[in-house]
**Student:** 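One structure, as structure tokens, below. Some questions next.
Worth knowing before you read on, the calculation uses all heavy atoms, side chains too, and leaves out hydrogens, waters and symmetry mates. By convention here, the first residue in the shown sequence is residue 1.
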Amino acid sequence: TRSYHIRGKKIQVPKNYVTREEASDGIASYNRDSNGAIQSSYQDWDGTFREEVYTNNPAWILYDALLSKRYGLGRFIDSVDKWSFFRVARYCDELVSDGKGGLEPRYTCNLVLQKQTSARRVIQDMATNFLGMLHWLDGEVYLTSDRPSSPVYTFGRGNVLGGLFSYSSTEYKKRPNQFVVVWNNPELDYGQDYVLVEDTANIVERGLIISKDAFAFGCTSRGQAERFGRWKLFTTALQTESVSFGTSINATFLNPGDVISIQDGNRQTLNLSGRIAASGTVSTTVVPLDRNVVLLNNHSYILNVMFFTPAAILVDKTATVNSVAYVQGDAILTDNSGNALTEVSVNNLKDEQDSNRPINVIWKESNHVQSRPVSTGVGTVNSITVSSAFGAVPTRETMWSLTSTNNNIVQGGSAKEYLVTSVEQRGPMEWGVTAVDYSTSKFSAIESNFNLEIPDADFKGGLSTDIIPMVSNLALALSND
């Protein structure tokens, strides 16, 4: 019996892409110039592709599967948003902890499709490799993935039908506190292996283990399998509530995977949202409100305001663009030259304080939310002053909301973040939106502060890389019996 370690089918990749196999240090980059020469710094992508090469970047593998007319969906799909795939692909290539003291790409995909099966099932499975989500937008297949973001739209009683939100939550006693992640181990000739990820504190508290299997599709890295299991665990523990509501054309600005902010005045009878007043002074630092709000002592407030202009939501921890310093979740409004963002330029934003490293962003072409700390004193107020200016003067009649914290704990009933899971049209001017709890903090917990357990050499069994020694000291004994 023989087994082979192969590199799979060659596929199209961006013209500026340098695959891991092509790089001298084994690290993928986007440093190839228009002449094909590899440079020492990032090279802008103009949207064109180069010759087919081997890569295990899952975003480009999925892109190929969607467009291939021989084995994919190319006979049914002829338009895919390449820019959304490019942004996700770069996020996949970033180096993170491998749990063994080193670094590895955040996501890689190594798989063999051996039999014909449902296209929907295969595409969905491939997307789970990097926590991706596909949806149809403006006549194209559009790709998003679960990664750090901030709200792109604000909802309150003033812009939902009937002013009503409907909530549901997962049943606590059925929430898993342990995941057994199945992955393909290279040391076992890529046979199935298992990684156990569990919430020990929850197990002790409940005195009960609720275990669930999770299949890491196309995963051949133990570190990636561990991170996948941690993502399942944190998502189960933190995203326990779902909300649904009806709205009008507001929903046309939303896509699955977007983060939204909801302030429900019916919850704890707190009215901390509304529309910017039609009268009163409005500027980049002062926002008049359509109602009175009470600012409490020992509370800190964040004012969230809607803007209907293009923006790039920063995914990375920090970045400096056009000499402006941003932190994760901020809305970047210009490119590195100070020009308004476009669908092309947003993909080539660079961190000026980190050797012009390309930065990861989420692109919103027509809407976003900007949030600023409130400097207005306590008491009943109908106008809010913020301590740092908004990127533009807010437009009257647009939505605002307040997030209130006390000792770094978000006050119940104030603006809360949710992740959109579906948007459906119910009528000529009515849409339904469904979303679940969202927590940015889970991402740093997933990718840091973990060390993979080293298997005991006496119990791990033989590996495919082990060399079987030659027979020695063989003795033969003859007997008359």
**Student:** Ignoring hydrogens and angles, tell me if any N or O in the side chain of N129 forms a donor-acceptor pair with the backbone of F217 under 3.5 Å.
**Tutor:**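 Side chain of N129 to backbone of F217: a pair is present.
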**Student:** Is there a donor-acceptor contact under 3.5 Å linking the side chains of S41 and N356?
**Tutor:**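 Their side chains do not contain a donor-acceptor pair, so the 3.5 Å distance test is not met.
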**Student:** Quick one: does any side-chain atom of D98 pair with a main-chain N or O of K100 as donor and acceptor, under 3.5 Å?
**Tutor:**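 Yes; judged by distance alone, with no hydrogens or angles, the pair exists.
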**Student:** Could you check whether atom CG of D138 has more than 12 heavy atoms from other residues, nucleotides or ligands sitting under 6.0 Å from it?
**Tutor:**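 No, CG of D138 has 12 or fewer neighbouring heavy atoms, counting only those of other groups under 6.0 Å.
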**Student:** May I ask you to decide if W45's main-chain N or O and N348's side chain share a donor-acceptor pair within less than 3.5 Å?
**Tutor:**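 Yes, the answer is positive, given that a donor and an acceptor are paired below the 3.5 Å cut-off.
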**Student:** Output every pair passing ring pair (Phe, Tyr, Trp, His ring centres under 6.0 Å) with a member in residues 324-372, not counting sequence neighbours, ordered by first then second residue.
**Tutor:**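 Sorted pair list: F307-H368.
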**Student:** Any chance the side chains of N255 and Y142 put a donor and an acceptor closer than 3.5 Å?
**Tutor:**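 Distance-only check fails for N255 and Y142.
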**Student:** Checking the side chain of N347 only, and the main-chain atoms of E343 only, is there a donor and an acceptor separated by less than 3.5 Å?
**Tutor:**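 Confirmed, N347 side chain pairs with E343 backbone.
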**Student:** Classify the ring geometry between F443 and Y438 as parallel (under 30°), tilted (30 to 60°) or perpendicular (over 60°).
**Tutor:**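 Rings of F443 and Y438: tilted, 30 to 60°.
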**Student:** Counting only N and O atoms by type, is there a donor-acceptor contact under 3.5 Å from the side chain of S97 to the main-chain atoms of G99?
**Tutor:**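 The answer is yes, because a donor-acceptor pair under 3.5 Å joins these two groups.
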**Student:** Could you go step by step and tell me if T240 and S169 meet the side-chain hydrogen bond (donor to acceptor under 3.5 Å, both in side chains) rule?
**Tutor:** CA-CA 5 Å; T240 60; S169 61; over 6 Å; no
**Student:** Out of the candidates T440, I262, I260, only one should pair with E417 under the side-chain contact (heavy atoms from CB on, under 4.5 Å) rule; please name it.
**Tutor:**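 That would be T440.
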**Student:** Distance-only, no hydrogens or angles: does the E140 side chain make a donor-acceptor pair with backbone N or O of L137 under 3.5 Å?
**Tutor:**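 The answer is no, because no donor-acceptor pair under 3.5 Å joins these two groups.
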**Student:** Partners of D335 by salt bridge (Lys or Arg N to Asp or Glu O under 4.0 Å), sequence neighbours excluded?
**Tutor:**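 Expected list: none.
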**Student:** Side chain of N185, backbone of G191: donor and acceptor closer than 3.5 Å?
**Tutor:**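 No.
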**Student:** For the pair E241 and Y418, evaluate side-chain hydrogen bond (donor to acceptor under 3.5 Å, both in side chains) and give the outcome as yes or no after the intermediate values.
**Tutor:** CA-CA 9 Å; E241 181 181 72; Y418 290 85; 2.7 Å; yes
**Student:** Does either side chain, that of R90 or that of Y17, offer a donor lying less than 3.5 Å from an acceptor on the other one?
**Tutor:**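 There is no such pair (donor and acceptor under 3.5 Å, judged by atom type) between the side chains of R90 and Y17.
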**Student:** N322 and N336: side-chain hydrogen bond (donor to acceptor under 3.5 Å, both in side chains), yes or no, with the steps?
**Tutor:** CA-CA 4 Å; N322 191 33; N336 291 88; over 6 Å; no
**Student:** If we check side-chain contact (heavy atoms from CB on, under 4.5 Å) with I302, which of these qualifies: T405, V410, T403?
**Tutor:**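 The side-chain contact (heavy atoms from CB on, under 4.5 Å) with I302 is passed solely by T403 among T405, V410, T403.
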**Student:** Taking atom CG of L208 as the centre, report whether more than 12 heavy atoms of other residues, nucleotides or ligands fall under 6.0 Å from it.
**Tutor:**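 Counting neighbours around CG of L208, more than 12 heavy atoms of other residues, nucleotides or ligands fall under 6.0 Å, so yes.
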**Student:** Please round to the nearest 0.5 Å and tell me the distance separating atom OG of S211 and atom CZ of F179.
**Tutor:**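 So the OG of S211 and the CZ of F179 are separated by 8.5 Å.
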**Student:** Looking at F165, W431, F245, which hits ring pair (Phe, Tyr, Trp, His ring centres under 6.0 Å) with F155?
**Tutor:**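 Option passing the ring pair (Phe, Tyr, Trp, His ring centres under 6.0 Å) with F155: F245.
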**Student:** If you draw a 6.0 Å radius around CD in Q116, do more than 12 non-hydrogen atoms from other residues or ligands fall strictly inside?
**Tutor:**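 Not buried by this count: 12 neighbours or fewer within 6.0 Å.
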**Student:** Among R106, R147, R227, find the one that has a salt bridge (charged side-chain N to carboxylate O under 4.0 Å, His left out) with E447.
**Tutor:**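 It is R106; the other options fail the test.
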**Student:** Are any non-hydrogen side-chain atoms of L66 and V141 less than 4.5 angstrom apart?
**Tutor:**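 L66 vs V141: side chains touch.
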**Student:** Counting heavy atoms not belonging to K10, are there more than 12 under 6.0 Å from its NZ?
**Tutor:**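 Counting neighbours around NZ of K10, 12 or fewer heavy atoms of other residues, nucleotides or ligands fall under 6.0 Å, so no.
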**Student:** Has E365 got more than 12 heavy atoms of other residues, nucleotides or ligands less than 6.0 Å from its CD?
**Tutor:**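 Incorrect, the count does not exceed 12.
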**Student:** Checking side-chain hydrogen bond (donor to acceptor under 3.5 Å, both in side chains) for the pair D33/Q39: CA distance, chi angles, key distance, verdict?
**Tutor:** CA-CA 7 Å; D33 64 23; Q39 305 297 330; 2.7 Å; yes
**Student:** Check whether N159 reaches the backbone of G156 with its side chain - one donor and one acceptor, N or O, closer than 3.5 Å.
**Tutor:**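 Checked: pair present.
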